[in-house]
Enquirer: 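Let me give you the structure first, and then I'll get to my questions.
To find a chain, count down the sequence lines: A is the first, B the second, and so on, and within it residues start at 1.
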Protein chains: 2
Amino acid sequence: MSPNSPHPAPTLEAVARAAGVSRATASRVVRGDVHVTGPKADAVHRAVVDLGYVPNRAARSLVTRSTDAIALVVPESGDRIFSDPFFATAVAGITERLALIEKQLLLIMAGRGEGPDRIRRFVHGGHVDGMILLSHHEGDPLLEVLAEASVPMVHFGRPPAGRTALFADVDNTEGGRLAGRHLFSVGRRRLALISGSPDMGAAVDRRAGFLEVAATLGAEICAVEEGGFTLSGGEAAMDRLLRSGRSFDGLFAANDLMAIGALRRLHAAGVRVPDDVALIGFDDIAVAGDPINALTTIVNPVQRVGAATVELLLDAIAGVDRSPVIVRDLALRLRRTA
Amino acid sequence: MSPNSPHPAPTLEAVARAAGVSRATASRVVRGDVHVTGPKADAVHRAVVDLGYVPNRAARSLVTRSTDAIALVVPESGDRIFSDPFFATAVAGITERLALIEKQLLLIMAGRGEGPDRIRRFVHGGHVDGMILLSHHEGDPLLEVLAEASVPMVHFGRPPAGRTALFADVDNTEGGRLAGRHLFSVGRRRLALISGSPDMGAAVDRRAGFLEVAATLGAEICAVEEGGFTLSGGEAAMDRLLRSGRSFDGLFAANDLMAIGALRRLHAAGVRVPDDVALIGFDDIAVAGDPINALTTIVNPVQRVGAATVELLLDAIAGVDRSPVIVRDLALRLRRTA
DNA sequence: TTGAAAGCGCTAACAC
DNA sequence: GTGTTAGCGCTTTCAA
């Protein structure tokens, strides 16, 4: 319980002595290096167990210049980040992949607008071997700071236009098309869209795919509102749509959170879903399946994208060249609303 | 972009040379030590900026034996952890307090039943100066492993009975009383309870407070079901309550997630809330305030508890003796359901 | 295959 | 105040 434990942690030196070998040999055995003779290796292993030896990270780091840790940088404030189940799933995908290889995950919340100084100090401080950038917004000065860091970085989600960087993502454009096609296929010809934050790649792409397919199939786009990917944003967007008096019979909300917000407002306004308006979301978060919502949506394999970002980052750290990864398997999940 | 940046990071040695002082002096200035003369200190500061010097953590760590990082250990699987907004808020409270002092947060998910070996290696590896244990369950073997670690630990929430440890928490017993008193005060005399996981302190205490006040005031406890603190657990508990045929007019669900699950089932069963059954939850998570739920609940200052765990831990690391902290200000939030 | 020895970059006595 | 110096615990040539 005391901060100063009674027994100072055993060092490699102690292990070597106990095993009757040199420190170099002990080091080799501990790291699982090849070139190890049977008897001596055994002796070292035994000593490691007996003494409860665990390598000192700092000492190892100092010479290898690597930390076995990676950072998850999230340019959002604390409450915002976890209120969207999307983040939860992303983090789950990342941590699970990382646990397999015993790398540590540092969680860096970089409150938007906070000024990137703290982050700059961090990324230059040699804390981590690489970074995953989670919810990035175009034009965020943080992007510059991170890009200048000396460790590899991969974006979770396509980076803003003009920025070439490694990333893993789903095919959001295709997702937008899928949504549009489905609304068309259930007979809707006057479509509306609640889009996400225009400074995020996912929003831009889903919108583009949706508009494209509407044009191709000959459906009319009656209205577009922005909902910022949040529940309340979705409600507000729906209110504006309702007040505008514009009539439409199909609605695509670019994520489920906004879709659920929209659904509530539609209910409140006495609009029947899907009879009057067919509604489709995006992500398939858990609550989308609640009987009360029963939201038709596009399944977003977020967890697998998370795992993919880790794979990319590990390769980048190892110096292996890779291209961005697009995780396939966007699928339509049919429920009640469309 | 390359893992080997062209310019090797400048060392303290380089700064010292550029400033025309010794390494020791440069070190003192960089660390903001007292004993710094004007001119030399200025020269060092200038050199730091010019060279873009950032101290090497590993080297510093090696000698100071501290890491400026703390771990948040969560004995839950990835999906589970973030699906309860309670966690989100707790994490927000912790990260925000930590950001102020530029300490790093390592997120350690220790999937329940995973076997504590990976964690054992971690806590003995000298990665962090201390730990915060988030959602601990009584009897979890992980607790033993963590308690043996050589760094201080503080529990987020009262530890299981019999375990003496530093913690920060709200007064859950009082919260249970508050809930009971309120139901009584709105005229309910036949009460039911949906409790949390019995291996968690918060569940035990809320239940105890609720039962105590019922006994004191002379209200009858008609039924108790366990809901495991999850939404679906709350639904299932409500189903059992309904099927049991037991009649009651007041219901306390030990967290909002279960309360919302219960509310849905009550609606589905045609039971009017609060007319037939008055319902009160605990936590005041964001969705509790949604018009669709309008849940009367006990406001749980989770974020402040999070900040308090950090304070306690920092003191413990500094060797300052502290007692567990109970954050006051549990308050009743009146909405529609009770 | 093994060992000896030279640091990695920094802090902290200890002298001056 | 400031500089000198001795490590912190580990990895990694280089020789043997």
Enquirer: Whole-Å distance between C/dG7 C1' and B/E13 CD?
Expert: 13 Å
Enquirer: Quick one: is A/S27 getting a side-chain N or O under 4.0 Å of the D/dC10 phosphate, OP1 or OP2?
Expert: no
Enquirer: Of the candidate nucleotides D/dT11, D/dG3, C/dA4, which contains the atom at the shortest distance from the side chain of A/V63?
Expert: D/dT11
Enquirer: When you measure from the side chain of A/D129 to the backbone of A/S66, do you find a donor-acceptor pair of N or O atoms at a distance under 3.5 Å?
Expert: no
Enquirer: Any idea how B/H127 and B/F122 line up, ring-wise: parallel (<30°), tilted (30 to 60°), or perpendicular (>60°)?
Expert: parallel
Enquirer: Grab the two heavy atoms, one from A/V128 and one from A/I70, that are nearest each other, plus how far apart they are.
Expert: CG1-C, 3.8 Å
Enquirer: Of the nucleotides D/dC10, D/dT4, C/dA5, which one has an atom closest to the side chain of B/S22?
Expert: D/dT4
Enquirer: Given atom CZ of A/R28 and atom P of C/dA4, what is their separation to the nearest angstrom?
Expert: 11 Å
Enquirer: Taking CG from A/L62 and P from C/dC10, how many angstroms apart are they, rounded to a whole number?
Expert: 9 Å
Enquirer: So which nucleotide from D/dT11, D/dT13, C/dC10 ends up closest to the side chain of A/T64?
Expert: D/dT11
Enquirer: Using atom CG of B/L12 as one end and atom P of D/dC8 as the other, report the distance to the nearest whole Å.
Expert: 20 Å
Enquirer: Figure out the CG/P separation between B/D33 and C/dA12, and round it to whole Å.
Expert: 9 Å
Enquirer: Between C/dT11, C/dC8, D/dC10, which nucleotide gets closest to the side-chain atoms of A/R65?
Expert: C/dC8
Enquirer: I need the CZ-C1' distance between B/R17 and D/dG3, as an integer number of Å.
Expert: 16 Å
Enquirer: Over all strands shown, is A/R23 touching base, sugar-phosphate only, or nothing at heavy-atom distances under 4.0 angstrom?
Expert: base
Enquirer: Specify the residue among A/V30 and B/A24 whose closest nucleotide of DNA chain D lies further upstream toward the 5′ end.
Expert: B/A24
Enquirer: Quick one: which of A/D315, A/I94, A/L105 gives a side-chain contact (heavy atoms from CB on, under 4.5 Å) with A/V310?
Expert: A/I94
Enquirer: By nearest atom, which of the nucleotides C/dT11, C/dG3, D/dT12 is closest to the B/R31 side chain?
Expert: C/dT11
Enquirer: A/K40 has an atom NZ; how far is it from atom P of C/dT1, in whole Å?
Expert: 12 Å
Enquirer: Out of B/I108, B/V74, B/L107, which residue meets the side-chain contact (heavy atoms from CB on, under 4.5 Å) rule with B/L134?
Expert: B/V74
Enquirer: Figure out the CG/P separation between B/N56 and D/dC8, and round it to whole Å.
Expert: 18 Å
